[in-house]
*Asks:* 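Once you've had a glance at the structure underneath, I'll fire off some questions.
Reckoned from all heavy atoms, side chains included, excluding hydrogens, waters and symmetry mates. Residue numbers start from 1 in every chain, and the chains themselves are labelled A, B, ... in the order their sequence lines are given, proteins ahead of strands.
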Amino acid sequence: MESGRRSFLKIAGLSALGLGVRPVIEVLASGEAAKPTVMKGENILTAKRWALVVDTRKIESEEDLEPMIEICDKIHNVPKFENKRHEIKWIWMEEFKHAFPTQEHEFLDERVEHLPFLTLCNHCEKPACVRVCPTKATFKRQDGIVLMDFHRCIGCRFCMAACPYGSRSFNFRDPRPFIKEINSKFPTRMKGVVEKCNFCAERLAVGKIPACVEVSNGALIFGDLDDSESEIRETLRTNYTIRRKPALGAGPSIFYIV
Amino acid sequence: MPNNKKMYDKGKVIAGLCIFVVMITFPFWYNLGKAAPAPEPKLIGKAAEAGQQCVESKEYMKAEHMQILNDWRETVVRDAKRIYVNSSGKKFEMSLSNTCLDCHTEKAEFCDKCHNYASVSPYCWDCHVDPKEEM
Amino acid sequence: MLEKALTGSKRYYGWIAALLAVIGVGFACYLWQLSFGLGITGMSRDVSWGFYIAQFTFLVGVAASAVMVVLPYYLHNYKAFGRITILGEFLAVASVTMCILFIFVDLGQPMRVFNVLLHPTPNSVLFWDMIVLNVYLLLNIVIAWKVLEAERNNVAPPGWLKPFIYISIPWAVSIHTVTAYLYCGLPGRGFWLTAILAPRFLSSAFAAGPALLILLCMIVRKFTRFDPGKEQIQSIAKIVAYAICVNVFFFLCEVFVVFYSRIPEHMDHLTYLFVGLHGHGVLVPWMWASMILMVVSIILLVNPVTRKNETVLIVACIAVFVGTWIDKGLGMISGGFVPNPLHHVNEYVPTVPEVLIALGIWAIGFLVLTVLYKIGVTIKEEIAGLT
């Protein structure tokens with residue numbers, strides 16, 4: 001493990017050097033002394049493994065979930081398609097029998113049976129989508145977030161076949177005309193690439209928690225699984241939680257209190 | 001071969017070669033003397049006030065902006081590093097829409113003009129939004 | 001040798017022109033797809049691979065089946081197949097060409113295809129599939145070309161070719177195995193999550209490919225002066241007979257495991273394909289047709305009396321080809337996506353432009369095949385002193 005990390009760091013260092021060398025030479029050639037660098041923002045929220053708890057006891061109806069979905073669609077420029085085949089979904093609602101198809105039975109209590117469940121990318125510990133991607137366009141960050149690099153995606157859709165949670169969408173056509181109001185601070189997508197929930201990576205970078213959590217009135221708890229003092233760990237310690245399709249071993253980072 | 005100096009269908013071959021040469025050089029002589037002068041990107045507003053200094057020097061940006069943008073998108077998306085510290089220690093958010101276009105407010109004048117002239121069509125704008133267009 | 005493809009009868013040129021017309025229509029549709037996006041196809045968020053990937057899967061099998069004439073000749077010294085190995089190898093070349101094109105037209109961002117090389121990712125099966133397919137294409141072009149050239153000059157093929165021929169045998173198995181691994185390693189897709197998928201792929205391949213080869217041999221015999229040979233055709237027919245039996249057997253193994261264990265995630269897909277699920281079942285008649293065709297072909301091929309009758313053999317080979325095509329080219333891929341991982345049933349039907357693009361690629365394959373067979377057969381005619 002140690003040597004693995006060391007060699008990874010070596011390779012990372014070497015490749016960073018490779019990436020950096022050209023501009024450096026250019027700068028030196030133009031007679032300037034310091035070399036440009038890159039860094040994380042000062043307010044960035046960091047973790048070993050970001051995770052989310054959905055406390056369904058605090059949710060009564062679809063109306064409770066709508067603001068969370070709306071804010072996500074709005075800030076991430078998620079288009080609305082009439083044609084169901086072209087649908088793009090980052091975070092959406094499912095009935096229990098669809099969110100947990102292997103755990104459904106006919107004697108389910110009425111609350112759970114009719115309760116809408118929030119579904120989104122599970123940011124798995126062992127993500128199948130990352131395993132199958134032929135270009136590393138989808139990859140797992142060091143903070144556990146499974147992210148898409150839209151610049152690199154070739155649109156083979158192997159990740160969509162691999163995801164056991166149906167969390168990925170493909171841009172079957174140019175999404176722009178189907179976005180009600182474009183948020184110019186965040187890019188849209190182009191036709192031919194796959195997309196999904198990014199756990200608000202762009203907000204974490206500037207010190208904000210995911211937008212859905214912010215508007216959830218406490219129904220969503222977000223935090224670092226690695227931090228035993230965190231609110232999310234406290235919630236997990238004191239409540240029985242379930243995850244979607246645990247038997248597959250993907251290790252989802254979204255937990256549900258039912 | 002009995003007579004290797006003989007060329008079969010001489011007339012047809014030479015005529016064919018001539019047509020081929022004319023066709024392949026067509027773009028050159030068709031555009032002869034019509035070359036448009038290279039456009040100079042216009043600096044307007046904030047960018048004009050800053051004068052010769054972008055995130056790096058003007059000369060450097062002219063030559064390397066595509067490389068910088070390529071590095072930026074890799075570091076922002078893949079390494080979660082969003083701040084660029086330039087050679088004189090000044091910090092910038094690495095963002096096409098929010099940093100570049102904040103100064104270079106006229107995308108049409110600043111980006112498109114040269115790109116059109118050089119006949120390159122970077123697909124940046126398929127996703128990244130020109131805030132001006134959306135207002 | 002290429003010049004042999006440039007001279008031919010009116011019928012030859014007519015056929016080429018017809019293929020070019022189909023290719024033209026397909027290409028026009030592809031340009032439309034390129035500008036609009038894959039939204040012109042019937043694929044969806046739930047069924048994210050469709051007709052293209054299914055054709056690709058089926059054709060990898062046809063390509064792999066060249067090994068069924070190469071192996072007996074080179075490993076068992078079965079001399080009779082010496083006449084027709086290049087027919088098998090040229091069929092492989094045409095099929096792999098189609099495979100690569102089908103992958104290409106399925107990409108959302110085809111201009112970025114070289115990202116696969118720029119960012120090589122060995123943990124992706126698609127990366128390996130790219131390698132095995134391209135190497136297999138190269139192997140078959142080189143081997144068939146060199147063997148044909150040697151035959152034409154009446155000399156033995158160069159010695160360095162032998163290792164490549166031997167490599168091409170396991171390589172043929174590898175292309176279809178890796179293609180099966182694309183699907184059978186995915187955790188949430190119960191239909192494909194079975195160790196018998198690769199063997200099933202291979203058995204249906206070794207039935208469909210040689211069946212097509214028999215039909216092609218018959219066509220070559222009818223339209224040219226080169227006769228691939230009665231014995232050869234009968235030997236391939238036996239291969240088809242065994243392979244289609246094994247294929248149906250493997251399928252029944254799958255059916256037993258799935259329906260005896262009664263695990264819903266595995267059962268639902270087969271239920272959807274053969275009886276329909278929650279009122280959806282566009283593929284039901286197709287799947288039963290496929291089963292009937294395979295069973296009929298088994299009866300016709302195993303029975304020596306019917307197999308030896310060449311007219312009946314043609315019928316049997318068409319039945320095998322169509323039966324396995326429905327199984328793999330229609331059911332295998334969309335069947336794995338319905339129901340989706342959340343147990344919603346959203347069906348898939350290819351659209352007209354999607355089918356036209358696919359037809360265009362099939363036409364490109366047949367064009368490659370026609371040209372290569374024309375060259376091969378003309379040279380064989382020359383050697384036999386028939387021209």
*Asks:* Quick one: which of A/H86, A/K191, A/R157, A/E87 has the most heavy-atom pairs under 4.5 Å with chain C, could you say?
*Replies:* A/R157
*Asks:* Quick check on C/P187 against chain A: is it the side chain, the backbone, both or neither that has a heavy atom closer than 4.5 Å?
*Replies:*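 Contact with chain A is through both the backbone and side chain of C/P187.
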*Asks:* Measuring heavy-atom distances to chain A, does C/Y348 have an atom under 4.5 Å in its side chain, in its backbone, in both, or in neither?
*Replies:* neither
*Asks:* Contact part of A/E94 toward chain C, heavy-atom cut-off under 4.5 Å: side chain, backbone, both or neither?
*Replies:* side chain
*Asks:* Does the side chain to side chain contact (heavy atoms under 4.5 Å, CB included) test come out yes or no for A/C156 and C/D106, once each step is laid out?
*Replies:* CA-CA 7 Å; A/C156 72; C/D106 189 66; 5.8 Å; no
*Asks:* Do you know which of A/C153, A/A250, A/P101, A/A128 has the most heavy-atom pairs under 4.5 Å to chain C?
*Replies:* A/C153
*Asks:* What part of C/L186 lies closer than 4.5 angstrom to a heavy atom of chain A: side chain, backbone, both or neither?
*Replies:*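 C/L186 touches chain A through side-chain heavy atoms alone.
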*Asks:* By a 4.5 Å heavy-atom criterion (distance strictly below it), what part of C/P120 contacts chain A: side chain, backbone, both, or neither?
*Replies:* backbone
*Asks:* Could you check C/H119 against A/R152 for side chain to side chain contact (heavy atoms under 4.5 Å, CB included), going step by step and ending with a plain yes or no?
*Replies:* CA-CA 9 Å; C/H119 309 284; A/R152 196 182 280 190; 3.1 Å; yes
*Asks:* Determine whether A/I154 and C/F114 satisfy the following criterion, side chain to side chain contact (heavy atoms under 4.5 Å, CB included), listing intermediate values before the conclusion.
*Replies:* CA-CA 9 Å; A/I154 60 171; C/F114 285 111; over 6 Å; no
*Asks:* Quick check on A/V130 against chain C: is it the side chain, the backbone, both or neither that has a heavy atom closer than 4.5 Å?
*Replies:* backbone
*Asks:* Apply side chain to side chain contact (heavy atoms under 4.5 Å, CB included) to C/R45 and A/F170, showing your working.
*Replies:* CA-CA 6 Å; C/R45 198 180 181 281; A/F170 179 73; over 6 Å; no
*Asks:* Where on C/M111 is there a heavy atom nearer than 4.5 Å to chain A: the side chain, the backbone, both, or neither?
*Replies:*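 For C/M111, no heavy atom lies under 4.5 Å from chain A.
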*Asks:* Quick check: are there more than 12 heavy atoms from other residues, nucleotides or ligands sitting under 6.0 Å from NZ of A/K97?
*Replies:* no
*Asks:* Is it the backbone or the side chain of C/N346 that comes under 4.5 Å from a heavy atom of chain A, or both, or neither?
*Replies:*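 Only the side chain of C/N346 comes within 4.5 Å of chain A.
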*Asks:* Heavy-atom cut-off 4.5 Å, strictly under: side chain, backbone, both or neither for C/L193 against chain A?
*Replies:* neither
*Asks:* Taking the basic N atoms (NZ, or NE/NH1/NH2) and the acidic carboxylate oxygens, is any pair closer than 4.0 Å for C/D46 and A/K84?
*Replies:*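 Not counted as a salt bridge, because no side-chain N and carboxylate O are separated by less than 4.0 Å.
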*Asks:* Let me know if C/L118 has heavy atoms under 4.5 Å from chain A in its side chain, its backbone, both or neither.
*Replies:* neither
*Asks:* Given a strict heavy-atom distance threshold of 4.5 Å, which part of C/N123 is in contact with chain A: side chain, backbone, both, or neither?
*Replies:* both
*Asks:* Looking at A/R244, A/R85, A/K136, A/M160, which makes the most heavy-atom pairs under 4.5 Å with chain C?
*Replies:*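 It is A/R85.
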*Asks:* Determine yes or no for a side-chain-to-main-chain donor-acceptor pair under 3.5 angstrom, with A/H98 supplying the side chain and C/L342 the backbone.
*Replies:* yes
*Asks:* If you count heavy-atom pairs under 4.5 Å with chain C, which of A/A137, A/A99, A/A161 comes out on top?
*Replies:*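 The answer is A/A161.
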